[in-house]
Amino acid sequence: PKAAQGTGRTADIECRLVVLGSGPGGYTAAFRAADIGLETVMIERYASLGGVCLNVGCIPSKALLHAAALIEEASHSAEIGVEFGPPKIDLDKLRAFKDTKVVGQFTKGLAGMAKQRKVRTVQGVAKFVSPNELEIAGSDGKTQLLRFEQCIIAAGSQAVKLPNFPWDDPRVMDSTDALQLAEVPKKLLVVGGGIIGLEMATVYRALGAEVTVVEFMDQLMPGADKDLVKPLADRLKKQGVIVHLKTKAAKVEASKKGITVSFESATEGQKPELESGTWDRVLVAVGRSPNGGKLDAAKAGVQVSERGFIPVDRQMRTNVPHIFAIGDLVGQPMLAHKATHEGKLAAEVAAGEKKEWVARVIPSVAYTDPEIAWVGVTETEAKAKGLKIGVGKFPWVASARAVGIGRGEGFTKLIFDEHTHRIIGAGIAGVHAGDLISELALAIEMGAEAGDIGATIHPHPTLGETVAMAAEVYDGTITDLYIPKKK
Ligand code: NAD
């Protein structure tokens, strides 16, 4: 497609493809497009590439969770006869590890790879001015006009800022602020018991904060099955993390003493479990909202929903055929690994390949302690949809490997379609669950039956073995457990 429609102004930059945003979705799209041979420009408002995930999300949080896991493991090691003293935490050093050794290395790597591929990166905030033009406002106050033939919008999402919180007070934090690790507060309130809330609760608890979590729904991490979340909820409780369910923050007041929050019950007319309290810091982690509404997309004729999502088809095209959109702003789940796949697809379709979205499932992982990972249909969903399912569940207390590392609290659960005996969903609660779930995503993609999974030889003793054993539980061939036969 030729760049036909525009303002008639002289363009500062002309390109075949422009990618708006350099998060995991955006850089994947740009790099793939360049590798296929499209002349590509990538626009990013911040100085470093990688978006929320690399700079202030998935990656720095994992660096901090690693520190939390070390502290936690050392605190239990006396039970097996290895004793350490209490941890001495050097926050500056920990922050430097996260920022320099982890995030810094990868943002530099991205800039290097962009250069190697001859992807031109432009720093600035871009907005559409016509169906084929973007205006980019640089931080120096200068604007540039970019004319493109095709565009991939990958501008992501931002944390929802609950309106009743005093956001200009540094003690009120979103996930980006919490990752800065300005201090370890004595008392931290986490509003929202979802993935971000629980990952950050894990970090701050390990670093020594007294943590309270309030969650609006009747369970933590409402997207996952209740049984899957239980080992995590139990461990948090043992660690002293206070959790209040069916509770929402109502009134918030900042004073010298701290942030005072009063709560309401999620059930109207009922008293909340906790009425109010005062904390040194508050993290608000109640979800993210798409950035689709910030791009003047209407000037390109691109439809944006009221909430800021941009609808796309199975090839990631918006209603304007030469403009694609990917990642958080095209819909849930807002996950980096969904965005990267969408980015690759959009780049390939833009280059003329006849492809469409084929993934059956997108795995979810909470990198808490223990980790919770799930993929495909959950039991709750299956019940709601009236699907006839069978479940194979293998408790990790029966895994010598899990017990050998002192972590027998988890389990592996496989969900099968009772008609086809094919696996349609899975959940794992336990350490390294996030690394174990991929096999089950592959099994679902391949249409594996319980027999296929059980008959695949898994190394012994591993946590991965629990996957095969859960399949054997479903098939009735398990020998590592004794399950009395139904009469
Ligand atoms: P989330 O949707 O996972 O959780 C938000 C939680 O807050 C929900 O449980 C919700 O019920 C609760 N909530 C909403 N309003 C509330 C209120 N007023 N009071 C109390 N509770 C309230 O969102 P998140 O944890 O903020 O994460 C945002 C996005 O980032 C998600 O889409 C998530 O998938 C993604 N993310 C993924 C990972 C990962 O893959 N490991 C990590 C972090 C974030």
Side-chain angles (χ1 to χ4, degrees), residues 23-25 51-66 156-165 172-179 189-203 212-224 226 229 232-233 243-252 261-267 272-274 276-277 282-291 307-309 327-340 362-375 428 432-435 437-438 441:
V52 170
C53 174
L54 177 50
N55 291 282
V56 289
C58 335
I59 305 303
S61 60
K62 295 318 88 77
L64 297 183
L65 280 160
H66 170 60
S157 62
Q158 61 166 13
V160 169
K161 301 226 168 190
L162 288 178
N164 47 347
F165 279 74
V172 175
M173 309 185 287
D174 63 12
S175 56
T176 302
D177 305 322
L179 287 167
L189 172 69
V190 175
V191 180
I195 294 190
I196 294 184
L198 294 177
E199 288 187 359
M200 293 319 294
T202 303
V203 168
T212 303
V213 179
V214 292
E215 163 58 45
F216 183 72
M217 303 297 279
D218 63 353
Q219 71 165 75
L220 293 173
M221 258 188 291
K226 220 171 202 161
V229 180
L232 171 63
V243 174
H244 293 286
L245 301 175
K246 294 198 255 173
T247 303
K248 70 171 182 191
K251 246 178 60 205
V252 189
V261 186
S262 50
F263 302 96
E264 281 170 4
S265 166
T267 325
E273 282 185 10
L274 173 69
S276 71
V282 178
L283 163 64
V284 180
V286 295
R288 300 186 62 83
S289 73
N291 286 336
R307 292 190 51 206
F309 285 111
D328 286 4
L329 55 68
V330 306
Q332 301 283 358
M334 295 189 185
L335 295 171
H337 43 280
K338 172 186 137 262
T340 55
I362 302 164
S364 292
V365 180
Y367 299 87
T368 43
D369 179 31
E371 292 185 352
I372 310 286
W374 66 103
V375 61
I428 305 177
H432 306 297
D435 293 294
I437 201 72
S438 302

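All ligand and atom numbering here is 1-based and tracks the order in the structure.
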Atom pairs and distances, ligand 1 N/O vs protein N/O under 3.5 Å:
residue  : atom   : partner : partner atom : Å
ligand 1 : 9 (O)  : E215    : OE1          : 2.6
ligand 1 : 9 (O)  : E215    : OE2          : 3.1
ligand 1 : 11 (O) : E215    : OE2          : 2.6
ligand 1 : 21 (N) : F216    : N            : 3.2
ligand 1 : 23 (O) : G287    : N            : 3.4
ligand 1 : 25 (O) : I195    : N            : 3.2
ligand 1 : 25 (O) : I196    : N            : 2.8
ligand 1 : 26 (O) : G287    : N            : 2.9
ligand 1 : 40 (O) : V365    : O            : 3.4
ligand 1 : 41 (N) : E199    : OE2          : 3.1
ligand 1 : 41 (N) : V365    : O            : 2.7

Next on the checklist: Return the CZ to OG1 distance between F263 and T247, rounded to the nearest 0.5 Å.
Outcome noted: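 Spacing of CZ (F263) from OG1 (T247) equals 7.5 Å.
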Next on the checklist: Would you compute the distance between atom CG of L335 and atom SG of C53 and round it to the nearest 0.5 angstrom?
Outcome noted: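 Going from CG on L335 over to SG on C53, the span is 10.0 Å.
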[X] side chain near [Y] side chain, heavy-atom distance below 4.5 Å:
X	Y	value
V191	L162	yes
M173	V284	no
T212	H244	yes

Checklist entry - Would you call K246 and E215 a salt bridge, taking side-chain N to carboxylate O under 4.0 Å as the test? => result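 A salt bridge is absent here (no side-chain N lies under 4.0 Å from a carboxylate O).
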